[in-house]
2 protein chains.
Amino acid sequence: MNIGEAARASGVSEKMVRHYEAIGLLHPARQANGYRSYAGGDVAVLRFIRHARDLAFPLEDIRKLLALWRDRGRASAEVRGLAMHHVAALEEKARALQAMASSLKHLAAHCHGDDRPDCPILDSLEGRHG
Amino acid sequence: MNIGEAARASGVSEKMVRHYEAIGLLHPARQANGYRSYAGGDVAVLRFIRHARDLAFPLEDIRKLLALWRDRGRASAEVRGLAMHHVAALEEKARALQAMASSLKHLAAHCHGDDRPDCPILDSLEGRHG
DNA sequence: CTTGACCCTCCCATGATGGGAGACCCCACA
DNA sequence: TGTGGGGTCTCCCATCATGGGAGGGTCAAG
């Protein structure tokens with residue numbers, strides 16, 4: 001299977017398929033003409049990566065997850081630990097974003113939002129309040 | 001005032017002070033020796049930028065906000081519109097992150113997290129469920 | 001033999017930030 | 001007058017994941 005078909009089968013762009021190989025996440029064989037050749041296992045790896053990316057795992061985490069996945073005897077605790085660590089990071093980021101949104105919404109609530117130049121949002125950014 | 005003092009006074013790193021100049025957000029004067037020279041207004045701009053960055057405004061938005069800030073006759077509606085648009089973007093991102101965290105937490109809840117190799121998290125990434 | 005789809009590698013861009021090299025400037029102190 | 005140290009200059013590179021595009025090779029069908 002060439003890269004195009006592997007990309008379609010996995011839902012990963014060709015660009016990223018090559019990139020994942022470049023950083024050592026998979027090692028497809030090569031044909032005589034230099035084309036990459038993907039077997040079923042390679043496509044499975046690509047799907048695994050895509051699903052992990054859908055959950056926003058960084059590629060370095062995915063590298064570890066792939067190693068655990070390939071290790072039939074791994075302890076599920078290791079995977080769970082990695083996952084929970086990532087959950088904490090996601091929730092922390094979400095909290096931070098939500099806090100910024102709330103602050104800004106609060107400011108906007110006190111802004112007329114009409115033709116007048118008076119604007120608490122700009123006032124706040126200017127630093128009258130911090 | 002040299003760049004070091006302006007950086008300390010505004011809470012922006014020297015690196016970023018230079019970068020903001022490079023992308024045209026401020027235009028400090030130059031001394032005879034080539035050193036940048038910052039006046040009170042420049043520091044105010046840097047503080048403005050920092051506060052906007054604290055709210056995760058992209059620099060392109062900050063460019064517009066600065067223009068509105070400098071325009072004494074602007075309508076507050078414009079600022080408010082920009083802000084609310086940004087609020088929506090922040091909330092959308094926060095929602096997405098929270099959704100990923102929830103999915104992953106759900107998976108982790110079904111993972112023993114012990115010595116056994118059995119792991120619903122890896123199973124899910126593998127694609128048995130997607 | 002041409003056409004078109006596919007594949008290759010290499011370079012560049014994003015957005016915001018930082019690290020570091022190599023060189024220059026300036027002031028204080030001996 | 002010389003030197004040391006701190007401040008500043010520009011330029012290049014790295015991050016993270018992703019994509020765009022150039023320039024060229026490969027292959028199968030017409």
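Letters A, B, ... are given to chains in the order of the sequence lines, protein chains preceding strands, and every chain is numbered from 1.
- Using a cut-off of 4.0 Å between Lys/Arg side-chain N and Asp/Glu carboxylate O, A/Glu60 and A/Lys64 are scored as not salt-bridged.
- The stretch residues 30-44 of chain A touches DNA chain C through A/Arg30, A/Gly34, A/Tyr35, A/Arg36, each having a heavy atom under 4.0 angstrom from the strand.
- Proximity of residues 58-66 of chain B to DNA chain C (heavy atom under 4.0 angstrom from any strand atom) is restricted to B/Pro58, B/Leu59.
- For A/Arg53, there are no side chain to side chain donor-acceptor pair (under 3.5 Å) partners at least two apart in sequence or on another chain.
- Atom OH of B/Tyr38 sits about 6.0 Å away from atom CG of B/Leu26, to the nearest 0.5 Å.
- For the segment residues 1-22 of chain B, the set of residues with a heavy atom within less than 4.0 Å of an atom of DNA chain D comprises B/Asn2, B/Ile3, B/Gly4, B/Glu14, B/Lys15, B/Arg18, in numerical order.
- Taking a cutoff of 4.0 Å between a charged side-chain nitrogen and a carboxylate oxygen, B/Glu21 and B/Arg30 qualify as a salt bridge.
- Proximity of residues 81-95 of chain A to DNA chain D (heavy atom under 4.0 angstrom from any strand atom) is not detected for any residue.
- For the helix from C/dC1-D/dG30 to C/dA30-D/dT1, the terminal axes (five pairs an end, C1' atoms, rotation from four pairs onto the next four) enclose an angle of 40°, given to 10 degrees.
- Under 4.0 Å is where a charged nitrogen must lie from a carboxylate oxygen, and between B/Arg116 and B/Asp114 at least one such pair does.
- For the pair B/Asp118/A/Ser76, no side-chain contact is recorded, criterion being any heavy-atom separation below 4.5 Å from C-beta on.
- Scanning for side chain to side chain contact (heavy atoms under 4.5 Å, CB included) contacts around B/Lys15 gives B/Ser13, with sequence neighbours left out.
- Residues forming a ring pair (Phe, Tyr, Trp, His ring centres under 6.0 Å) with A/His112 (at least two apart in sequence, or on another chain): none.
- Heavy-atom contacts from other residues, nucleotides or ligands closer than 6.0 Å to CG of A/Asp71 number more than 12.
- For the side-chain contact (heavy atoms from CB on, under 4.5 Å) with A/His110, the lone residue among A/Cys119, A/Ser124, A/Pro120 that qualifies is A/Pro120.
- Distance check: A/Arg80 CZ to B/Cys111 SG gives 6.0 Å after rounding to the nearest 0.5 Å.
- B/Tyr35 pairs by the ring pair (Phe, Tyr, Trp, His ring centres under 6.0 Å) definition with nothing, not counting sequence neighbours.
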Side-chain donor-acceptor pairs of residues 91-101 of chain A under 3.5 Å, sequence neighbours excluded:
unit_1: A/Glu91; atom_1: OE2; unit_2: B/Lys105; atom_2: NZ; d: 2.8
unit_1: A/Glu92; atom_1: OE1; unit_2: A/Arg95; atom_2: NH2; d: 3.2

Collect all protein-nucleotide pairs involving nucleotides 1-4 of chain D in which both atoms are nitrogen or oxygen and the distance is under 3.5 Å.
none

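- A distance of 6.5 Å separates CG in B/Leu68 from CG in B/Leu82, rounded to the nearest 0.5 Å.
- With a 4.5 Å cut-off on side-chain heavy atoms, A/Phe48 and B/Leu122 count as touching.
- Partners of B/Arg8 according to the side chain to side chain donor-acceptor pair (under 3.5 Å) rule, which considers only residues two or more places apart in sequence or in another chain, do not exist here.
- A distance of 8.0 Å separates CG of B/Leu55 from CG of B/Leu90, quoted to the nearest 0.5 Å.
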